[in-house]
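To start, the structure itself, in structure tokens.
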Amino acid sequence: MKKMQEMKANWKQLGHGEYSELAEEKEFFEVGKQSKNAVCHFYRDSAERCKIVDKHLRILAAKHLECRFVKINAEKAPFLAERLKIRVIPTLCLIKDSKTKDYIVGFDDLGGRDDFSTEMMEWRIAQAQVINYSGDLLTPPDQPKKSTKIIGVSKKGKTIRGGDDDDDSSDDDY
């Protein structure tokens with residue numbers, strides 16, 4: 001418990017718990033070295049969807065102290081954007097142990113809608129194991145609950161040709 005408090009204090013000192021902007025490209029590499037887990041949002045001021053991502057990341061930054069949440073203007077970081085092959089804005093770069101582990105490109109992984117929930121983004125980031133997540137990683141939180149009825153499986157009945165016997169091939173044909 002004491003060790004956890006020390007870790008939390010260290011994380012706060014490194015900027016964990018808040019969503020901050022990186023002024024230049026070299027800060028990106030420093031974040032990756034200092035923090036074991038990080039999420040970097042590549043944005044553009046003119047992109048409306050980047051503001052939606054900012055809103056969700058601000059909430060998640062306060063909730064997940066174990067991960068550092070930052071953003072960088074892709075137009076001011078052309079070398080970094082080219083090196084990481086950032087083509088679509090917004091793109092989230094998910095970093096674990098100083099390595100880029102995954103990307104969330106646009107909103108396709110978040111349900112393909114602008115009105116996705118913070119829980120949906122949290123679930124998607126958790127799939128890269130950069131944040132601690134208590135829910136089910138196999139089922140998206142925004143996905144409607146599916147019924148347990150299995151479609152396509154039916155009880156076999158009598159057929160015209162063979163009655164109850166399913167076996168069409170017979171060994172005594174030869």
Side-chain angles (χ1 to χ4, degrees), residues 8 11-12 14-25 27-32 34-152:
K8 282 184 180 180
W11 286 337
K12 287 238 187 225
L14 290 172
H16 290 238
E18 55 191 56
Y19 180 52
S20 55
E21 182 161 4
L22 304 177
E24 50 190 43
E25 293 174 326
E27 286 182 58
F28 174 83
F29 298 104
E30 291 170 15
V31 166
Q34 292 173 349
S35 300
K36 185 177 177 185
N37 300 317
V39 173
C40 185
H41 173 209
F42 285 84
Y43 77 98
R44 219 173 58 219
D45 288 325
S46 59
E48 198 59 41
R49 286 183 159 189
C50 291
K51 292 174 179 69
I52 296 169
V53 172
D54 283 344
K55 176 186 81 166
H56 293 294
L57 290 181
R58 238 180 237 101
I59 294 166
L60 291 174
K63 185 176 178 182
H64 291 281
L65 283 177
E66 72 277 5
C67 184
R68 175 109 187 256
F69 289 83
V70 296
K71 67 178 182 175
I72 189 164
N73 190 327
E75 292 173 332
K76 293 179 182 173
F79 168 76
L80 191 57
E82 181 64 33
R83 185 170 174 189
L84 295 173
K85 296 176 178 62
I86 307 293
R87 303 272 186 264
V88 176
I89 299 295
T91 293
L92 296 180
C93 181
L94 309 178
I95 304 158
K96 185 169 183 74
D97 298 323
S98 300
K99 292 182 179 76
T100 304
K101 184 150 185 202
D102 198 1
Y103 294 95
I104 300 174
V105 180
F107 285 1
D108 288 345
D109 290 353
L110 303 168
R113 305 181 338 233
D114 287 4
D115 62 342
F116 63 89
S117 67
T118 303
E119 289 76 24
M120 184 66 168
M121 181 174 275
E122 179 181 29
W123 172 81
R124 179 57 185 89
I125 293 170
Q127 287 186 317
Q129 300 171 341
V130 294
I131 59 173
N132 298 332
Y133 186 70
S134 57
D136 178 15
L137 283 173
L138 298 175
T139 309
D142 287 1
Q143 188 176 20
K145 301 290 182 215
K146 291 195 166 102
S147 66
T148 56
K149 185 178 177 185
I150 300 172
I151 300 170

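Keep in mind that what you see is a predicted model, and the values were worked out from it rather than measured.
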Backbone of [Y] reached by a side-chain donor or acceptor of [X] within 3.5 Å:
X: Tyr103; Y: Ile86; value: no
X: Ser20; Y: Val70; value: no
X: Lys96; Y: Gln129; value: yes
X: Asp97; Y: Lys99; value: no
X: Trp123; Y: Asp136; value: yes
X: Lys51; Y: Asp45; value: yes

Where do [X] and [Y] come nearest, in terms of heavy atoms and distance?
X: Ser35; Y: Arg68; value: OG-CB, 3.7 Å
X: Asp109; Y: Met120; value: O-CE, 4.0 Å
X: Arg44; Y: Asn73; value: CA-OD1, 4.3 Å
X: Leu22; Y: Cys40; value: CD1-SG, 4.5 Å
X: Leu65; Y: Gly17; value: CD2-CA, 3.4 Å
X: Pro90; Y: His41; value: CB-NE2, 3.4 Å

Would the number of heavy atoms belonging to other residues, nucleotides or ligands and lying under 6.0 Å from NZ of Lys76 be above 12?
->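 No, not enclosed.
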
If we only count heavy atoms from C-beta on, is the [X] to [Y] side-chain gap below 4.5 Å?
X: Asn37; Y: Ile131; value: no
X: Glu21; Y: Tyr43; value: yes
X: Leu92; Y: Leu57; value: yes
X: Asp54; Y: Lys71; value: yes
X: Glu82; Y: Arg87; value: yes
X: Met121; Y: Ile125; value: yes

Drop me the distance from [X]'s [atom1] to [Y]'s [atom2], to the nearest 0.5 angstrom.
X: Leu94; Y: Cys67; atom1: CG; atom2: SG; value: 8.0 Å
X: Tyr133; Y: Arg124; atom1: OH; atom2: CZ; value: 12.5 Å
X: Lys63; Y: Glu122; atom1: NZ; atom2: CD; value: 3.5 Å
X: Ile72; Y: Phe42; atom1: CD1; atom2: CZ; value: 6.0 Å
X: Leu110; Y: Thr118; atom1: CG; atom2: OG1; value: 10.5 Å
X: His64; Y: Ile59; atom1: NE2; atom2: CD1; value: 11.0 Å

Between Phe116 and Phe107, what is the ring plane arrangement, given parallel below 30°, perpendicular above 60°, and tilted in between?
->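 Rings of Phe116 and Phe107: perpendicular, as their planes differ by over 60°.
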
